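Accompanying notes for the structure given below.
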Amino acid sequence: MTADLFEAVPNVRPSREAMAEGAVLLRGFARSFEAELLAALRTIVKQAPFRHLVTPSGHRMSVAMTNCGSVGWVSDDAGYRYDAIDPESGQKWPVMPAVLSRLAADAASAAGFNGFAPEACLINRYVPGAKLSLHQDKDELDFAAPIVSVSLGLPAVFLFGGLKRADKTARRRLEHGDVVVWGGPSRLFFHGVAPLADGEHAVMGRQRINLTFRKAR
Ligand code: SIN
Ligand code: FE2
């Protein structure tokens with residue numbers, strides 16, 4: 001009975017999915033921002049192109065990164081940190097466009113975190129095969145603010161665990177326009193992205209772009 005009902009309306013799916021206490025997946029939340037968001041991204045990437053960072057242990061990351069905002073997340077042999085200067089150009093990171101701040105604040109509010117004003121947006125680019133190992137976002141000074149993560153392009157499998165690296169991870173498929181917000185009790189939960197499967201996205205082509213907004217300091 002229930003199955004028939006859903007089959008009759010194939011596009012009906014919950015617009016929000018609880019992932020853990022403080023963590024929610026807002027399906028399609030970024031879709032209404034798409035045109036403005038993509039135009040803003042093109043401008044940012046011209047000014048601060050994607051590059052592959054090297055971890056302190058000397059590993060070249062498969063995900064290519066850039067940033068916008070008053071500080072950006074960087075990694076090199078000295079460690080992980082937020083820096084106001086793009087080390088590639090020696091210039092400040094591109095200013096965070098208003099559409100990005102608005103999307104981040106609106107998504108945070110929808111998840112129950114009001115007044116989110118991130119100064120950093122890390123932009124990750126995945127091509128097929130690229131992955132992000134399990135990690136915590138803990139280079140920020142303020143863990144009271146959530147992380148807001150926007151997915152664009154090819155679908156990815158997002159791994160979301162717990163406070164310990166060994167905790168069991170739930171797997172969620174993140175698609176174009178989906179937004180995940182995690183804060184409060186899950187702010188420091190381990191998370192990562194499984195190797196990206198090959199494909200061609202109608203809007204973004206053969207890639208996935210992820211934006212994570214952080215209150216860095
Ligand atoms: C991140 O953890 O910084 C990125 C997560 C993602 O790409 O979905
Ligand atoms: Fe992260």
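In this chain, residues are counted from 1 in sequence order. Below, all heavy atoms of this structure are taken into account, side chains as well, without hydrogens, waters or symmetry copies. Numbering of ligands and ligand atoms starts at 1, following listing order. For clarity, every value in this text was computed on a predicted model and none was experimentally measured.
Atom CG of Leu134 sits about 13.0 Å away from atom CZ of Phe189, to the nearest 0.5 Å. Atoms CG and NZ, from Leu196 and Lys131 in turn, are 13.0 Å apart once rounded to the nearest 0.5 Å.
Using a 4.5 Å cut-off on side-chain heavy atoms (C-beta onward), Arg208 and Val193 make contact.
Of the residues listed (Val24, Leu103, Asp178), the one engaging Phe29 in a side-chain contact (heavy atoms from CB on, under 4.5 Å) is Leu103, and it is the only one. With Cys68 as the partner, the side-chain contact (heavy atoms from CB on, under 4.5 Å) test is satisfied by one option alone out of Val95, Leu211, Leu122, Ile44: Ile44.
Within the 3.5 Å criterion, the main-chain N or O of Gly177 finds no donor-acceptor partner in the side chain of Ser151.
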Pairwise, report which nitrogen or oxygen atoms of ligand 1 are under 3.5 angstrom from protein nitrogen or oxygen atoms, and how far apart they are.
from     : atom 1 : to     : atom 2 : distance (Å)
ligand 1 : 2 (O)  : His135 : NE2    : 3.1
ligand 1 : 2 (O)  : His191 : NE2    : 3.0
ligand 1 : 3 (O)  : Arg214 : NH2    : 3.4
ligand 1 : 7 (O)  : Tyr126 : OH     : 2.5
ligand 1 : 7 (O)  : Arg208 : NH1    : 2.9
ligand 1 : 7 (O)  : Asn210 : OD1    : 3.3
ligand 1 : 8 (O)  : Arg208 : NH1    : 3.4
ligand 1 : 8 (O)  : Arg208 : NH2    : 2.9
ligand 1 : 8 (O)  : Asn210 : ND2    : 3.3

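Linking Ile, Leu, Val, Met, Phe, Trp and Tyr whenever their side-chain heavy atoms come within less than 4.5 Å puts Phe116 and Ile123 in one cluster.
Note on the Fe ion (ligand 2): protein N/O/S atoms under 2.8 Å are His135 NE2, Asp137 OD1, His191 NE2.
With sequence neighbours left out, Arg217 forms a side chain to side chain contact (heavy atoms under 4.5 Å, CB included) with Ser70, Val71, Glu119, Leu141. Not counting sequence neighbours, Thr43 has no partner by the side chain to side chain contact (heavy atoms under 4.5 Å, CB included) test.
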